[in-house]
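In what follows, a single structure is set out as C-alpha cells and then discussed.
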Amino acid sequence: MSAQPVSERRRGWCPGVRRPMATGDGLLVRLSPFGGRLTADQARLIAEAAREHGNGHLDITARGNLQIRGVSDGTYPELLALLDRQGLAEPAGDGPNRLTVLSPLAGLDPHDRFDAFAMAQAIESTAAVQEGLPAKFFIAVDGGGSLPLDAIGADLHLTAGEDGTVAFSISSSGNLHGIGAAPHPGAPDAACIVLSGFSDMRRTRRTEARRLRDLQPHLVQELIASAALEPAVAMLQRPVSPRVGVIPIEGGHAVLLALPFGRCGTEQLLQVAQWCERFGAAEIRLSFTRGILLLGIADEHVSTLIAEASGAGFITDANDPRLSLLACPGKPDCANALTPAPADALRLASARSDLLAQGTNLHVSGCPKGCAHPGRADLTLVGRADGRYDVVPGGSTRDVSTLHLSIDEIMTRLLLSKTSADLRRAFPERAR
C-alpha cells in the first residue's frame with residue numbers, strides 16, 4: 001500500500017484513491033462510491049480527511065464522484081491507509097474505478113421502469129474481471145426516472161425503452177444513438193458482452209479507439225451481433241425533475257442541492273452530514289448534477305433545510321443562473337488549465353444572468369480536455385496558452401474554432417445577445 005512518488009504518477013488519466021493524479025494544487029484523490037451513496041459518518045470522515053490531509057477543497061464530479069484536492073506526497077500515505085480501512089478505496093488494478101453511473105434517485109423514483117441499482121450491480125460484478133477497458137470508460141444505467149442521464153456522455157447508455165425492454169445507445173456529439181435493445185433480464189449480460197468485445201478489439205485489432213463512439217461503424221455492428229441485441233427501440237418519454245430542489249419520493253422527500261461547479265468545502269460536507277442526522281435523512285447520495293441529494297426528509301424539515309443550505313452556499317433555486325454554468329477547476333488548481341475558468345464563467349454570468357436564467361448553457365473549459373462537460377453547450381469557451389479562449393457556439397471542446405477572443409471581447413459580444421439563438425449572431429464565425 002506504499003505510495004509512488006509524484007514524478008512516477010501519470011497525468012491526464014482517471015485518478016482514484018490508489019492512483020492519485022498530480023494537479024496544480026497538489027495531488028487529487030478521487031473516491032467513487034457505488035451509486036454515489038454515503039452515510040453521514042462516511043461524509044464526516046471524508047470532510048475531516050480532506051481538511052487534515054488536503055487543502056480543504058473537494059469536488060463533486062459529473063459522474064457523482066468525490067475528489068479530495070491539495071494532497072501532498074507527505075500526507076497521501078496516511079490518507080490512503082485511512083480510506084482503505086474504511087472501504088472507500090477502489091479495487092487495485094488499472095481498470096475503471098467504477099463502471100456504472102446512476103441517477104441519485106435510483107431505487108426510489110416512482111417513474112423508474114426497472115431496478116437500476118440491481119442492473120448496475122450485476123454489470124459491475126461481472127465486468128470487474130474484465131481487462132483492457134480504458135480507465136475513463138463508463139456505463140449509464142437509467143431506469144427511466146425523472147433525472148435522465150442522457151447528457152452525461154457515457155460510453156454506453158442502458159435506458160428504459162417504451163416497450164419494456166432496455167435500450168442500448170452510444171453517446172456521440174452530445175446525442176444518443178440507439179444501437180439495439182435487450183429484454184430486461186438479459187441486459188446486464190448483453191452489456192458485459194459489448195464490454196468484452198470492445199476490450200478484445202483494442203487488444204487484438206490494435207484499434208486506437210478509447211471510447212465506443214470512436215469505433216468504426218462495422219466494429220460497432222460486430223459488437224451488436226455478438227451481444228445478440230434486438231433492433232433499437234424508442235427510449236421512454238418521462239417527466240423531468242429540476243436539477244435542484246425538493247423531489248417527492250415514497251416516504252417523504254428528496255432534497256437535491258447543487259454546488260457551483262461542483263466545488264465543495266469541508267465545512268459544507270460536514271454540514272451535510274449534520275443535516276442527515278438532524279433531519280433523519282436515510283442516506284446521502286452524490287449526484288451527476290454536481291450536487292448532493294438527501295433522502296427521506298419529512299415535510300416539517302424541508303423548508304428549514306432549504307433555508308440553511310442556501311445560507312451555506314448551496315444552490316437551492318431551480319432558476320439560479322449558476323445552474324447553466326459549466327466550468328472545470330481551471331488555473332491554478334489544475335496543472336493542465338490555461339485560464340481561470342470558474343472566475344471567468346462567474347464574470348460572464350454576472351453580466352448576463354438573464355440569458356442564463358432562460359436555460360442557455362455556458363461551458364468554460366481551462367483546456368481542450370473538457371473535463372467539466374463532454375458534450376455540446378450553447379456556448380463553449382476553450383482556454384488558450386495566450387489567455388484568450390477558442391469560442392465554439394453550439395459545440396464542444398472537441399470542435400476546432402476559428403475565433404479566439406479575450407474574456408472582455410466575449411463579454412462585449414454577449415451583451416448583444418438577448419436569447420440563446422442570438423449567440424450565433426453574436427459569434428458568427430463557424431467552428432469546423
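At a threshold of 4.5 Å between non-hydrogen side-chain atoms, the residues Ile152 and His157 count as touching. Side-chain contact between Phe34 and Thr100 is present, with heavy atoms from C-beta onward closer than 4.5 Å. Taking the side chain as every heavy atom from C-beta outward, Arg51 and His57 never approach each other to under 4.5 Å. Annotation: side chain of Ile46 is in contact with side chain of Leu88 (closest heavy-atom distance under 4.5 Å). The shortest side-chain heavy-atom distance between Arg202 and Leu133 does not fall under the 4.5 Å cut-off. For the pair Asp142/Leu147, no side-chain contact is recorded, criterion being any heavy-atom separation below 4.5 Å from C-beta on. Side-chain contact between Leu82 and Leu45 is present, with at least one heavy-atom pair separated by less than 4.5 Å. For the pair Ile410/Leu348, a side-chain contact is recorded, criterion being any heavy-atom separation below 4.5 Å from C-beta on.
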How far apart are the C-alpha atoms of Arg285 and Leu295, what are their side-chain angles, what is the distance that settles it, and do they pass the side chain to side chain contact (heavy atoms under 4.5 Å, CB included) test?
-> CA-CA 8 Å; Arg285 291 189 184 178; Leu295 298 175; 3.3 Å; yes
Apply side chain to side chain contact (heavy atoms under 4.5 Å, CB included) to the pair Leu362 and Leu381, showing each step before the final yes or no.
-> CA-CA 8 Å; Leu362 173 62; Leu381 308 178; 4.3 Å; yes
Does the pair Asp59 and Thr61 meet the rule for a side-chain hydrogen bond (donor to acceptor under 3.5 Å, both in side chains), with working shown?
-> CA-CA 6 Å; Asp59 302 317; Thr61 75; over 6 Å; no
Starting from the C-alpha separation in whole Å, work towards a yes-or-no answer on side chain to side chain contact (heavy atoms under 4.5 Å, CB included) for Leu405 and Arg388.
-> CA-CA 5 Å; Leu405 300 176; Arg388 295 186 297 168; 5.9 Å; no
Any chance you could lay out the side chain to side chain contact (heavy atoms under 4.5 Å, CB included) test for Ser287 and Arg243, step after step, and finish with the verdict?
-> CA-CA 10 Å; Ser287 174; Arg243 295 167 68 89; over 6 Å; no
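The backbone N or O of Ala307 sits nowhere less than 3.5 Å from a side-chain atom of Ser310 that would complete a donor-acceptor pair. Between the side chain of His373 and the main chain of Gly370, no donor-acceptor pair closer than 3.5 Å is present. For the pair Ser72 (side chain) and Thr75 (backbone), a donor-acceptor distance under 3.5 Å is present. With hydrogens and angles disregarded, a donor-acceptor distance shorter than 3.5 Å links the side chain of Arg290 to the backbone of Ala372. Under a 3.5 Å cut-off, the side chain of Asp399 and the backbone N or O of Ser396 do form a donor-acceptor pair. In this structure, Thr126 contributes its side chain and Ile123 its backbone to no donor-acceptor pair below 3.5 Å. Remark: the backbone N or O of Gly395 is paired with a side-chain donor or acceptor of Thr380 at under 3.5 angstrom.
Atom CG of Leu156 sits about 10.0 Å away from atom CG of Leu176, to the nearest 0.5 Å. To the nearest 0.5 Å, atoms SG (Cys276) and CG (Leu38) are separated by 9.5 Å. Distance CD/Gln268 to CD1/Ile292: 8.0 Å, rounded to 0.5 Å. The SG atom of Cys334 sits 6.0 Å away from the CE atom of Met21 when rounded to the nearest 0.5 Å. The distance from atom CD1 of Ile297 to atom CG of Leu294, rounded to the nearest 0.5 Å, is 5.0 Å. The structure places CG of Leu229 at 8.5 Å from CD1 of Ile193, a figure rounded to the nearest 0.5 Å.
For CZ of Arg113, the number of neighbouring non-hydrogen atoms (other residues, nucleotides, ligands) closer than 6.0 Å is 12 at most.
No side-chain donor from either of Arg376 and Asn361 sits under 3.5 Å from a side-chain acceptor of the other. Judged purely by distance below 3.5 Å, without hydrogens or angles, the side chains of Asp41 and Thr39 never pair a donor atom with an acceptor atom. Side-chain atoms of Asp299 and His253 include a donor-acceptor pair closer than 3.5 Å. In this structure, a donor-acceptor pair under 3.5 Å is present between the side chains of Thr165 and Asp163. Judged by distance alone, the side chains of Glu90 and Ser32 never bring a donor and an acceptor atom under 3.5 Å apart. Side chains of Ser196 and Ser199: a donor-acceptor N/O pair is absent below 3.5 angstrom, by distance only.
Closest of all the heavy-atom pairs between Leu99 and Glu124 is N-OE2, 3.0 Å. Contact detail for Pro188 and Pro185: the closest heavy-atom pair is CD-O, 3.7 Å. Smallest separation of non-hydrogen atoms from Pro260 and Gly313: CD-O, 3.9 Å. Val392 and Ser401 get closest at one heavy-atom pair: CG2-CB, 3.8 Å. The minimum heavy-atom distance between Ile306 and Thr316, with the atom names listed, is O-CG2, 3.8 Å. When all heavy atoms of Tyr76 and Val17 are compared, the closest pair comes out as OH-O, 2.7 Å.
A salt bridge is defined here as a Lys NZ or Arg NE, NH1 or NH2 lying under 4.0 Å from an Asp or Glu carboxylate O, and Asp390 with Arg384 meets this definition. The residues Asp155 and Lys136 are annotated as not salt-bridged, no charged nitrogen and carboxylate oxygen being separated by less than 4.0 angstrom. Look at Asp333 and Arg263 and you find a salt bridge, because one of the NZ, NE, NH1 or NH2 atoms lies within 4.0 Å of a carboxylate O, short of that distance.
Taking the ring centre of Phe138 as origin, the terminal cationic atom of Arg63 falls inside the region bounded by 6.0 Å and 45° from the ring axis. Both cation-pi conditions hold for Arg37 and Phe117: the charged atom is under 6.0 angstrom from the six-membered ring centre and inside a 45 degree cone around its axis.
Partners of Arg278 under the side-chain contact (heavy atoms from CB on, under 4.5 Å) rule, at least two apart in sequence or in another chain, are Gln274, Trp275, Thr304, Glu308.
The only member of Leu286, Leu105, Leu257 that meets side chain to side chain contact (heavy atoms under 4.5 Å, CB included) when paired with Leu293 is Leu105.
Taking the six-membered ring for Trp and thresholds of 30 and 60 degrees, Phe114 and His184 have ring planes inclined between 30 and 60 degrees apart.
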